[in-house]
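Notes follow the structure.
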Number of protein chains: 2
Amino acid sequence: MFNERSLTISQECEECPIRHRAVCARCETDELERLEQIKYYRKFEAGQMVIWSGDKMDFVGSVVSGIASLTQTMEDGRTQMVGLLLPSDFVGRPGRATAAYDVVATTDLVMCCFRKTPFEEMMANTPHIAQRLLEMTLDELDAAREWMLVLGRKTAREKIASLLTIIARRDATLHLKAGSGIEGPIVFDLPLTREAMADYLGLTLETVSRQITALRKDGVISLEGKRHVTVPDMERLMEEAGDDSDGGLLV
Amino acid sequence: MFNERSLTISQECEECPIRHRAVCARCETDELERLEQIKYYRKFEAGQMVIWSGDKMDFVGSVVSGIASLTQTMEDGRTQMVGLLLPSDFVGRPGRATAAYDVVATTDLVMCCFRKTPFEEMMANTPHIAQRLLEMTLDELDAAREWMLVLGRKTAREKIASLLTIIARRDATLHLKAGSGIEGPIVFDLPLTREAMADYLGLTLETVSRQITALRKDGVISLEGKRHVTVPDMERLMEEAGDDSDGGLLV
DNA sequence: CTGGCGTTTTGATCTGGGTCAAAGCCCCGG
DNA sequence: CCGGGGCTTTGACCCAGATCAAAACGCCAG
C-alpha cells in the first residue's frame with residue numbers, strides 16, 4: 001500500500017500542491033495551467049470539521065499539509081475512523097453529490113481544492129486523470145482491506161503495533177528524499193490522540209493507552225512525552241504487528 | 001454502496017458476460033468486438049482456489065455466476081475475508097503483477113477473464129473504461145469502509161444482521177427486474193457457510209451460529225434448513241444491524 | 001439401511017478488552 | 001504561581017465473545 005509510486009510522485013510534487021498525487025503526476029503544462037485556474041486553498045484548525053456526512057460536497061481536493069480523518073458514526077455515538085488522510089491523499093468522489101463520511105481536521109490542515117464540476121469536466125477530457133485517480137483509489141482499497149484484517153482479527157497489541165508501523169512508514173515515505181534505508185532507530189511524532197487511535201483501531205482509548213504502555217515496558221518502542229516515539233528496531237515492531245513479514249517499504 | 005448505478009448496469013448486461021459492470025456499460029460496438037477477441041471463460045468448483053496471494057496474476061475479469069471471496073491469512077492461520085465477489089463484480093488490478101489476496105470460489109463459479117496486457121492496452125486507448133473502473137472501485141471502497149464500521153464497532157448480533165441485510169440487498173438487486181419494492185417478506189439463500197460468515201465478520205463460527213439462532217428465536221428471521229432464509233420484516237432486520245436508517249435500496 | 005464426513009448446533013468455561021472511576025500530567029491564561 | 005481543562009494513565013471489575021468439547025444433522029456412497 002505504500003509502494004514506490006507514492007514515493008516517486010511525492011518527489012515530483014514538491015512545489016505545486018496541485019501536483020500532489022491526486023491529478024498531476026503526468027500533466028502536461030497546458031493541463032497544469034487549466035488546473036491552476038480552478039484550484040483554491042482551504043485551511044482548517046485542528047479539530048475543525050471539514051464536512052459533515054450527508055452534506056452537499058461541491059469540491060474535491062487533496063491534502064497539502066496536516067492530517068484529516070474520515071469517520072463514520074452510529075446513532076448511539078460509536079464511531080469508527082475509516083480513512084486517514086495524509087499529505088498528498090485525495091478527498092472526495094467525482095460523481096457524488098454528498099459526502100459519505102465526516103471529514104475532520106485532526107491537526108491543522110491545508111487542502112488544495114477544485115470545484116467539483118470543472119474538475120469533472122476536466123477529468124472527462126483528460127484521460128490520464130481518471131487513470132491516475134483509479135490507481136490511487138486502488139491503493140486506498142488495498143489499505144482499507146489491510147485494515148479489515150487489523151479490525152477483524154488482530155489483538156489489541158497487534159493493532160497498536162500495526163498502526164505505529166503504518167505511521168512510521170508513511171512518515172518515512174514523506175521525509176526520506178533518497179532511499180535512506182530501513183536501518184537504525186526510527187523516530188516520529190504521533191499525529192493522533194489516544195482517542196483517535198482508538199477510533200481507528202476499533203478499541204477504547206483506555207486499551208490504547210494500556211497497550212502503548214505495555215509496548216514501552218517491553219522495549220518495543222520508547223516515548224518522550226506522550227507523542228514522540230522512537231522505534232529502536234522496526235523489524236521487532238512489525239513482528240508485534242503480526243505483519244506478513246516482507247518489510248514492505250517499497251514493495 | 002448499492003446505488004442506482006449497479007442496478008441500471010446490471011439491466012444492461014443481461015446477455016453478454018463481458019458487458020458486466022466491469023467494462024462495458026458504455027462500450028461502442030467496435031469496442032465490444034475488440035473485447036470479444038480477448039476474453040475467455042474460467043470455471044471453478046465450490047472450494048477451489050482461483051488464485052493464491054502472491055502468485056503471478058496475468059488476468060483480470062468479472063464474476064459471471066457464483067460467488068468468490070477475497071481473503072487474507074496471517075501466519076498463524078487467522079483469516080479475514082476482505083471482499084465478497086458477486087456476479088458482475090470485478091477481480092484483479094490493472095497495473096499489478098501479483099495477486100494481493102487469496103481468491104476462493106465460495107460456490108461453483110464462472111468468471112469472464114481478459115488477459116491483463118491486452119486489457120491494459122485497451123484501457124489506455126479507451127478512456128471510459130478507466131472511468132468505469134474508477135466508479136466501480138470507488139463503490140468497492142465505500143463497501144470496504146462500511147465493513148470497517150461493522151468489524152470495528154458492531155456487536156456480534158449487529159454483525160450478523162448487517163451481513164444478512166447486505167446479502168438480501170444484493171440478491172434483490174440481482175433478481176428484481178423492475179422496482180419490485182421493499183415491501184413484503186424477503187426470501188433468499190445464504191451462499192456462505194457459517195465459517196465463511198465468521199471470516200467475513202471477524203467472529204468465530206460458533207458465535208455466528210448462536211447469533212443466527214438468537215435472531216430466529218426473536219422472530220427477526222426464519223430458516224428452512226440451514227441456508228434458506230426468510231426475512232418477514234426488512235426494516236426490523238436493518239434496525240438490528242444498527243444501520244443508519246434510510247433503507248438504502250436505491251439511495 | 002448403514003457408516004462416514006462435513007457442517008451446524010449446543011454446552012461449559014475462560015479471558016481480552018470494555019466499562020466505570022479516579023488520579024496524574026501538561027499546557028496555557030490570568 | 002495558581003487553577004482549569006484537555007489529554008493520558010492506572011486500577012478494579014465485568015461481560016461478550018472466544019475456546020474447548022461433544023452431540024446432532026444432513027447427505028452421499030456403498
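We name chains A, B, ... by the order of the sequence lines, and we start the count at 1 in each one.
- The side chain to side chain contact (heavy atoms under 4.5 Å, CB included) test applied to B:T79 returns B:T73, B:D199, not counting sequence neighbours.
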Show every donor-acceptor pair shorter than 3.5 Å between a side-chain atom in residues 214-225 of chain B and any protein atom, with sequence neighbours excluded, or say none if there are none.
{"unit_1": "B:D218", "atom_1": "OD2", "unit_2": "B:R157", "atom_2": "NH2", "d": "2.2"}

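- Mapping B:R227 and A:K154 onto DNA chain C by nearest heavy atom places B:R227 closer to the 5' end of the strand.
- A heavy-atom distance below 4.5 Å is not found between the side chains of B:V231 and B:L164.
- Residue A:R78 is classed as having no contact, given no heavy-atom separation below 4.0 Å to the nucleic acid.
- Atom pair A:R153:CZ and C:dG16:C1' shows a separation of 15 Å (rounding to whole Å applied).
- In this structure, B:K226 atom NZ and C:dT7 atom P are separated by 13 Å, rounded to whole Å.
- Side-chain contact between A:D243 and A:K154 is present, with at least one heavy-atom pair separated by less than 4.5 Å.
- The interatomic distance linking A:E195 (CD) with D:dC7 (P) rounds to 8 Å, in whole Å.
- Look at CG on B:L223: it is 18 Å from P on C:dT7, rounded to the nearest Å.
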Can I get a per-line list of side-chain donor-acceptor pairs under 3.5 Å for residues 185-197 of chain A, giving both atom names and the distance, sequence neighbours left out?
{"unit_1": "A:D189", "atom_1": "OD1", "unit_2": "A:H228", "atom_2": "ND1", "d": "2.8"}
{"unit_1": "A:T193", "atom_1": "OG1", "unit_2": "A:E195", "atom_2": "N", "d": "3.3"}
{"unit_1": "A:T193", "atom_1": "OG1", "unit_2": "A:A196", "atom_2": "N", "d": "3.0"}
{"unit_1": "A:R194", "atom_1": "NH2", "unit_2": "A:K226", "atom_2": "O", "d": "2.9"}

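- With contacts defined as side-chain heavy-atom distances shorter than 4.5 Å, the pair A:M74/A:Q80 does not qualify.
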B:E240/B:R236 under salt bridge (Lys or Arg N to Asp or Glu O under 4.0 Å): CA gap, chis, key distance, verdict:
CA-CA 6 Å; B:E240 291 284 353; B:R236 172 78 194 285; 3.2 Å; yes
In residues 98-111 of chain B, what donor-acceptor pairs under 3.5 Å come from side-chain atoms, sequence neighbours left out?
{"unit_1": "B:Y101", "atom_1": "OH", "unit_2": "A:D142", "atom_2": "OD1", "d": "2.9"}
{"unit_1": "B:D102", "atom_1": "OD1", "unit_2": "B:S53", "atom_2": "N", "d": "2.7"}
{"unit_1": "B:T106", "atom_1": "OG1", "unit_2": "B:S69", "atom_2": "OG", "d": "3.2"}
{"unit_1": "B:T107", "atom_1": "OG1", "unit_2": "B:I67", "atom_2": "N", "d": "2.9"}
{"unit_1": "B:D108", "atom_1": "OD1", "unit_2": "B:A46", "atom_2": "N", "d": "2.8"}

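- In this entry the distance linking CG of A:L190 with C1' of D:dC7 reads 13 Å, nearest Å.
- For DNA chain C, the residues of residues 196-211 of chain A within the heavy-atom distance limit of 4.0 Å (strictly under) are A:G202, A:L203, A:T204, A:E206, A:T207, A:R210, sorted by number.
- Here A:R157 lies out of heavy-atom contact (under 4.0 Å) with every strand.
- Atom pair A:I212:CD1 and C:dG17:P shows a separation of 14 Å (rounding to whole Å applied).
- Going from atom CD1 of A:I160 over to atom P of D:dT9 covers 10 Å, rounded to whole Å.
- In this structure, the side chains of A:T137 and A:L141 stay at 4.5 Å or more apart for every pair of heavy atoms.
- Against DNA chain C, the stretch residues 213-222 of chain A makes no heavy-atom approach under 4.0 Å.
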